[in-house]
Trainee: 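Okay, here's the structure, questions in a sec.
Reminder, nothing fancy here: chain letters follow the sequence lines and each chain counts from 1.
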Amino acid sequence: AQSVSQHNHHVILSEAASLELGCNYSYGGTVNLFWYVQYPGQHLQLLLKYFSGDPLVKGIKGFEAEFIKSKFSFNLRKPSVQWSDTAEYFCAVNDKGYQKVTFGTGTKLQVIP
Amino acid sequence: DAGVTQSPTHLIKTRGQQVTLRCSPKSGHDTVSWYQQALGQGPQFIFQYYEEEERQRGNFPDRFSGHQFPNYSSELNVNALLLGDSALYLCASSPVAGGPTETQYFGPGTRLLVL
């Protein structure tokens, strides 16, 4: 069965600091990978996704993630965070050909002005 | 363009009761997935509906059942409620057959409390 690990449960950064949130998955097959974000009081929304091609994926609001197959990782990065990036971030995976999406437990990011 | 809508927003039930939650997908979407999000956890996949049939199911007991209507809206039914069913129930829709690479659009959720 698939599982997704997000090791950082709560991250606090100052504005302009760089961000990297870890995500590892366990599944031996070919996968699609996602990062979702939930801003305070808002719905879950897609930040970026990878399903093939360039392993460095760019998403909305300056976020990017790199798929490293050998490490089963899909870490999320942003060079300079803003206060408006305060949110909960979820990594998710599904295997190609299947609809079921497995989410990690989420990382709460707090950006201090 | 209306996004995914869910009703009701909050619900309180007692153990043993049954509950029905409703979801209307985003305009143009024909695939609906349901998730359970317990406090402090990520969403867990319950099942997905496409063409009025359950296409895939997660690790949830038969007490959890669903339905999709011809207009693509969907219901989630939970029978014989347990305290552990207390959670936020999320509906997500995706466009045209909802393949594995499609983006899912989430609704605001229904918060269910079982006493």
Trainee: For the residue pair A:V37 and A:A87, what are the closest heavy atoms and their distance?
Mentor: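 In terms of heavy atoms, the two residues are closest at CG2-CB, 3.6 Å.
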
Trainee: Tell me the residues of residues 61-70 of chain B whose non-hydrogen atoms fall below 4.5 Å from those of chain A, in number order.
Mentor: none

Trainee: Please say which of A:F63, A:Y36, A:F103, A:W35 ends up in a ring pair (Phe, Tyr, Trp, His ring centres under 6.0 Å) with A:Y89.
Mentor: A:F63

Trainee: Given a strict heavy-atom distance threshold of 4.5 Å, which part of A:L46 is in contact with chain B: side chain, backbone, both, or neither?
Mentor: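 Side chain only.
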
Trainee: What part of B:F47 is in contact with chain A, defined as an atom under 4.5 angstrom from a non-hydrogen atom: side chain, backbone, both or neither?
Mentor: neither

Trainee: With only heavy atoms counted, which part of B:Q44 is less than 4.5 Å from chain A, the side chain, the backbone, both or neither?
Mentor: neither

Trainee: Measuring only between side-chain heavy atoms, which start at C-beta, is A:V111 closer than 4.5 Å to A:L19?
Mentor: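 When only atoms from C-beta onward are counted, A:L19 and A:V111 do not touch, as no gap falls below 4.5 Å.
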
Trainee: Among B:P43, B:G42, B:G58, which has the most heavy-atom pairs under 4.5 Å with chain A?
Mentor: B:P43

Trainee: Heavy-atom distance under 4.5 Å to chain A: side chain of B:L90, backbone, both or neither?
Mentor: side chain

Trainee: Does a side-chain heavy-atom distance below 4.5 Å link A:H43 with B:Q6?
Mentor: no

Trainee: Between A:S80 and A:Q82, is there a side-chain donor-acceptor contact under 3.5 Å, judged purely by atom types and distance?
Mentor: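 No, no side-chain donor-acceptor pair sits under 3.5 Å.
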
Trainee: Please name all residues satisfying side chain to side chain contact (heavy atoms under 4.5 Å, CB included) with A:Q110, sequence neighbours left out, ordered by chain then number.
Mentor: A:H10, A:I12

Trainee: So which bits of residues 106-115 of chain B come within less than 4.5 Å of chain A, counting non-hydrogen atoms only?
Mentor: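 Residues in range: B:F106, B:G107, B:P108.
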
Trainee: Given the rule that I, L, V, M, F, W and Y join up when any side-chain heavy atoms are under 4.5 Å apart, are B:L88 and B:V4 in one cluster?
Mentor: no

Trainee: Any side-chain donor paired with an acceptor under 3.5 Å for A:N24 and A:S73?
Mentor: no

Trainee: Taking all heavy atoms of A:F34 and all of A:N94, pick out the closest pair and write down the distance.
Mentor: CE1-OD1, 3.8 Å

Trainee: Tell me whether the rings of A:Y50 and A:F74 are parallel (<30°), tilted (30 to 60°) or perpendicular (>60°).
Mentor: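 If you compare the ring of A:Y50 with that of A:F74, the planes turn out tilted.
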
Trainee: Tell me if the NZ atom of A:K108 is crowded by more than 12 foreign heavy atoms within 6.0 Å.
Mentor: no

Trainee: Excluding sequence neighbours, so at least two apart, what forms ring-ring contact (aromatic ring centres under 6.0 Å, His included) with B:Y72?
Mentor: none

